[in-house]
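Notes for the one structure printed next.
Sequence lines set the chain letters: A, B, ... in the order given, protein chains first and strands last, and positions in each chain run from 1. Note that the structure is predicted; figures quoted are calculated from it, not measured.
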Protein chains: 2
Amino acid sequence: MKGTSKKSSVRTWIVEDNDMYRQTVAESFEGHPQISLSQNFPNCEELFDFIESGTENPPDVLLMDIGLPGMSGIEGVKQLKEARPGIQIIMFTVYQDNDRIFRALCNGASGYLLKNSTAEEIEKAIFDAVEGAAPINPQIAKKVLEMFFTVQPPANDYGLTSREKEILELLVEGFSKKKIAGQLYVSFHTVDSHIKNIYTKLQVNSGNEAVAKALREGLI
Amino acid sequence: MKGTSKKSSVRTWIVEDNDMYRQTVAESFEGHPQISLSQNFPNCEELFDFIESGTENPPDVLLMDIGLPGMSGIEGVKQLKEARPGIQIIMFTVYQDNDRIFRALCNGASGYLLKNSTAEEIEKAIFDAVEGAAPINPQIAKKVLEMFFTVQPPANDYGLTSREKEILELLVEGFSKKKIAGQLYVSFHTVDSHIKNIYTKLQVNSGNEAVAKALREGLI
DNA sequence: CGTAAAATACCGTGATTGCGGGATATACAA
DNA sequence: TTGTATATCCCGCAATCACGGTATTTTACG
């Protein structure tokens, strides 16, 4: 269906500066019936040269080290994703710090494996990636979740009434008191009173502060 | 070291309303040397009753269905995490919609598996969870990444100068023009001019709008 | 060296805001 | 019934803001 012609083999390349490690990975896929690890590079520069030479079509999946000489794997992901968005890139690294994880994923990496992964895990990750999924090492996934789902205090709403929330929302949208009054078909004075109450409840004393507090604490 | 006494067996419970499915999972771990699936429940209410009864210590890991009669698995995660934050909860469901994924992870779920998982995958996920990692199905992980790492237009800064950014920041902090002038040891008129330029560049015409735009688009 | 951009400073005016009052009506709970 | 909360409305005034000018000095850069 849908014209997705099943490929006989997932074409995979690897960028890894440690010669021995690169060879080991390459060899572990030799003779693999569904994965052909057809090219490997010691750094990003050679990868890009090869792609631009047009000698061979780009791969389906790329395993990318992060700690590379010259251009880092993080920067490599960014540039490769810009040039060839279709390639699924799996980071393949020893680094587990939030900053590298964040930047790699920001730049468009589809997966993030640690170098202690078994050949089976790498194999599964390649299949996952080519199917549009995101193979992420559970330890890394934990950090990603922590980055975004940090247990936030359940959105203190400062006891704002629904009317006050409504007006706060319009304030955030940039409307003046007069415009808000028009929008809600009430008098300017009413809006003014509500805003006074909002300021008191939020413990602020200017529109700017109220808007900042509302946006920062997700009050709207 | 550190007093972490290795447990001989990972104690795991499951909440799943489909009797047959629940039995199947339970049976697949019967006689497992390191995982004891010691209790199973058809809904959250019975789970909580059992926990409160104190008959047995809470488990290390809980497999939690989402589509449950009565209290949903999402709500169950929230309440259980509040009561017993130490329990690692793995969602175990057919649902793949962003909203359920988001809410489950928000409420503190450590993992998210699909029901088509193999026994080996579940086994690995339980071990991952108890070690503090986050076993997430790659398809789900992809959605999580999309939720947060959507290729955002590279932070348009509207050509603000560094001084203008500085002043915008102070504006967001709720300072008045006069206060900003004092803070920066410049005249009120200078600040006024900068703010005029900021408004022009951001295409807004009030402090509220500028603050909202700055916060929403991460200009600061 | 020259020039453009940035930062600085000033003026005036009308609009808007922040905030101090106070008032009325309605609804709901004690 | 009597409060309490919510929403509505009004007044006034000092402070602040938005915005139209103009102009000087500093900085950056070819």
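Taking CG from A:L168 and CG from A:L215, the interatomic distance works out to 8.5 Å, rounded to the nearest 0.5 Å.
Under the rule for a side chain to side chain contact (heavy atoms under 4.5 Å, CB included), the partners of B:D97 that lie at least two apart in sequence or sit in another chain are B:Y95, B:D99, B:R100. A:K196 is linked by a salt bridge (Lys or Arg N to Asp or Glu O under 4.0 Å) to nothing, counting only residues two or more places apart in sequence or in another chain. Residues satisfying the salt bridge (Lys or Arg N to Asp or Glu O under 4.0 Å) criterion with A:E209, sequence neighbours excluded, are absent altogether. Scored by the side-chain hydrogen bond (donor to acceptor under 3.5 Å, both in side chains) test, B:E166 finds B:R163 as partners (sequence neighbours excluded). Scored by the side chain to side chain contact (heavy atoms under 4.5 Å, CB included) test, A:N116 finds A:L114 as partners (sequence neighbours excluded).
Among pairs with a residue in residues 183-220 of chain A, none fulfils ring-ring contact (aromatic ring centres under 6.0 Å, His included), at least two apart in sequence or across chains. Identified under the ring-ring contact (aromatic ring centres under 6.0 Å, His included) test for residues 37-58 of chain B, with sequence neighbours left out: B:W13-B:F41, B:W13-B:F50, B:F41-B:F50. Residues in residues 169-182 of chain B take part in these salt bridge (charged side-chain N to carboxylate O under 4.0 Å, His left out) pairs, two or more places apart or across chains: A:R216-B:E173, B:K177-B:D192.
The phosphate of D:dC9 has OP1 or OP2 within less than 4.0 Å of a side-chain N or O from A:T190.
No engagement by A:T200 is indicated, since no non-hydrogen atom pair under 4.0 Å with the nucleic acid exists.
In this structure, A:N197 atom CG and D:dC9 atom P are separated by 14 Å, rounded to whole Å. Nucleotide D:dC9 holds its C1' atom 7 Å from the NE2 atom of A:H189, rounded to whole Å.
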Sequence-aligned protein contact record of nucleotides 14-22 of chain D, with B where the base is within under 4.0 Å of a protein heavy atom and S where only the sugar-phosphate is
--SSBBBB-
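Taken over five-pair windows at either terminus, the axes of the helix from C:dC1-D:dG30 to C:dA30-D:dT1 are inclined to one another by 50° (rounded to 10 degrees).
Chain A approaches DNA chain C within less than 4.0 angstrom (heavy atoms of the protein), and the contacting nucleotides run 5' to 3' from C:dT16 to C:dG21.
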Determine all donor-acceptor pairs shorter than 3.5 Å in which one atom belongs to a side chain in residues 134-149 of chain B; sequence neighbours excluded.
unit_1 : atom_1 : unit_2 : atom_2 : d
B:N137 : OD1    : B:Q139 : N      : 2.6
B:N137 : OD1    : B:I140 : N      : 3.3
B:K143 : NZ     : B:Q96  : O      : 3.0

